[in-house]
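Just below is one structure, and these are the notes that go with it.
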Number of protein chains: 2
Amino acid sequence: MEATQRPAAEQAEGAGERDGTRARLVKATAMLLQRQGYEATTVKQILKEAGAAYGSLYHFFPQGKEELAAEALRFGADDFADLLRRGLAAADDPADAVANCALSMADALRTSAWLDGCPVAATALEIIDRSPLIQRASDEALRQWRELIAAKLRDGGLPRDTAAALACTVLSTLEGAELLSRVSGDDSPMRFAAEHLATLVRASR
Amino acid sequence: MEATQRPAAEQAEGAGERDGTRARLVKATAMLLQRQGYEATTVKQILKEAGAAYGSLYHFFPQGKEELAAEALRFGADDFADLLRRGLAAADDPADAVANCALSMADALRTSAWLDGCPVAATALEIIDRSPLIQRASDEALRQWRELIAAKLRDGGLPRDTAAALACTVLSTLEGAELLSRVSGDDSPMRFAAEHLATLVRASR
DNA sequence: CTCCGTCTTGATCGATCGATCAACTGGAGG
DNA sequence: CCTCCAGTTGATCGATCGATCAAGACGGAG
């Protein structure tokens, strides 16, 4: 059985044409998970935001909210990966590149009234040991982002192991600075992170 | 055998709190908030964990779960502050002191199966813009910890502003590294943070 | 046209949520 | 002895949770 037949029009590209019901569900869920986490996000809220009905959700995601959330996290992860790629590509010097990422996040946070940051942090923290499916999706997102940063550090001349460890700390600092910024409603933690991460990267070569 | 049924702590010493039902509620709530956040923690779970009944909760906390959670966050914040104080006091050099804090957190996480870390992070992220009471308690906790770190950096000779900014990033990195460690079930992000934070502090003087 | 699989609709389900409340307990003070 | 009341108990509330399902709309194939 090689099933998987879908309308070619909707499967073709992820972007472009107006979204189908499935895509709208994923998008709406990704936004809600990013802003208020998993438990605080209700199915009703998702359906309203996506303009869909109950049955549609369970048609595309037979396992319900949990399966949809895992898919939404993967969607959000790709989105955030793009932000990192842009920030990293905007400077040759890895130190400047990392600082760019932090400043991009500071911008996104400020202009969204401290709502839009990392798409998995809130969900990941509350789901630990409660949903293997979602925890796994979160873990993969974080590893994907780490690797993006590590690659830039390697290009900058750092040895493989050094780059991997440093990339891990860079991501830690970005995530933590976002927490502090969102809670306090002030982007200075994010801007301090930009400055200090540049210092740290320079000190590591 | 029938000597004293009550702990001697009943003697009121002004503001001293007895280790009674109220204290048990706060303690149980603090633990649950730390591990699974606010929305995932149910009142029933709290009552079972604390060995209390519904009425007792609403007797001590008329505003219910939200009021109890805010109190529990303050309790947990003091607990975590003690961990930081011990880590910071264990070394004269601020760089070593900060690394100590990270390693202490790594220990606590590993020995608790990645459950016990920062007592406010999970709750803070999901509650943003949903409960001013709890968000305020989270913000105050983070500021308290920042100030503990900043004081150590000032003692190490850093100017006031420099110390404040650096303390902010130190706490960001600790929080983010805990996120990565808990999600991946691996304390290396926390240990990398220890190493890199020491490097960063040394590079800042 | 009919047939059939894909997708949508919303009423409805049982479970569980946070919260309320009247009844009760036991020790302190008169 | 009695009253008084801080503290406790658990049944019960209405609301809402995530999930289910029968019914039907829609469009392509025959």
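By convention in this document, chain letters (A, B, ...) are assigned in the order of the sequence lines, proteins followed by strands, and residues within each chain are numbered from 1. Basis for what follows: all heavy atoms, side chains included, without hydrogens, waters or symmetry-related copies.
- Protein atom CD of Glu67(B) is 11 Å distant from nucleotide atom P of dA19(C), rounded to whole Å.
- Contacts between residues 123-132 of chain B and DNA chain D, defined by a heavy-atom separation under 4.0 Å, are absent.
- When each of dG18(C), dA6(D), dT9(D) is scored by its nearest atom to the side-chain atoms of His59(B), the top-ranked nucleotide is dA6(D).
- Nearest approach of Leu166(B) to Leu158(B), heavy atoms of both residues: CD2-CD1, 3.8 Å.
- Atom CZ in Phe60(A) sits about 19 Å away from atom C1' in dG18(D), given to the nearest Å.
- Residue Glu66(B) comes nearest to Ser131(B) through the heavy atom pair OE2-OG, 2.7 Å, listed as atom of the first residue, atom of the second, then distance.
- Where Glu39(A) and Gly55(A) each meet DNA chain D at their nearest nucleotide, the meeting point lying more 5' is that of Glu39(A).
- Nucleic acid contact class of Ser56(B) (heavy atoms, under 4.0 Å, all strands): base.
- Remark: P of dA19(C) and CD of Glu66(B) are 8 Å apart, rounded to the nearest angstrom.
- Checked against dT9(D), dG18(C), dA11(C), the side chain of Ala53(B) finds its nearest nucleotide in dT9(D).
- Between Asp155(A) and Lys152(A), none of the side-chain N atoms (NZ, or NE/NH1/NH2) sits under 4.0 Å from a carboxylate O, so this pair counts as no salt bridge.
- One atom, NZ of Lys48(B), and another, P of dG10(D), lie 15 Å apart when rounded to the nearest Å.
- Phosphate proximity of dT8(C) to Thr21(A): present, with a side-chain N or O under 4.0 Å from OP1 or OP2.
- Residues His196(B) and Leu200(A) approach most closely at O-CD1, 3.5 Å, considering heavy atoms.
- Look at NZ on Lys44(A): it is 17 Å from P on dC17(C), rounded to the nearest Å.
- Gly64(A) comes within contact range of the sugar-phosphate backbone alone, with a heavy-atom separation under 4.0 Å but no base atom that close.
- Counting only heavy atoms from C-beta on, Thr42(A) has its side chain closest to dC17(D) among dC17(D), dG18(C), dT9(D).
- In this structure Tyr54(A) satisfies the ring pair (Phe, Tyr, Trp, His ring centres under 6.0 Å) test with no other residue, sequence neighbours excluded.
- dA6(D) atom P lies 18 Å from atom CG of Leu57(B), rounded to whole Å.
- The existence of a salt bridge linking Arg86(A) and Asp82(A) is excluded, since no basic side-chain nitrogen approaches an acidic carboxylate oxygen closer than 4.0 Å.
- Following rounding to the nearest Å, Ile134(A) (CD1) and dG18(D) (P) show an atom-to-atom distance of 12 Å.
- The separation between Tyr58(B) atom OH and dT12(D) atom C1' is 14 Å, rounded to whole Å.
- Using a 4.0 Å cut-off between a side-chain N of Lys or Arg and a carboxylate O of Asp or Glu, Glu147(A) and Arg154(A) qualify as a salt bridge.
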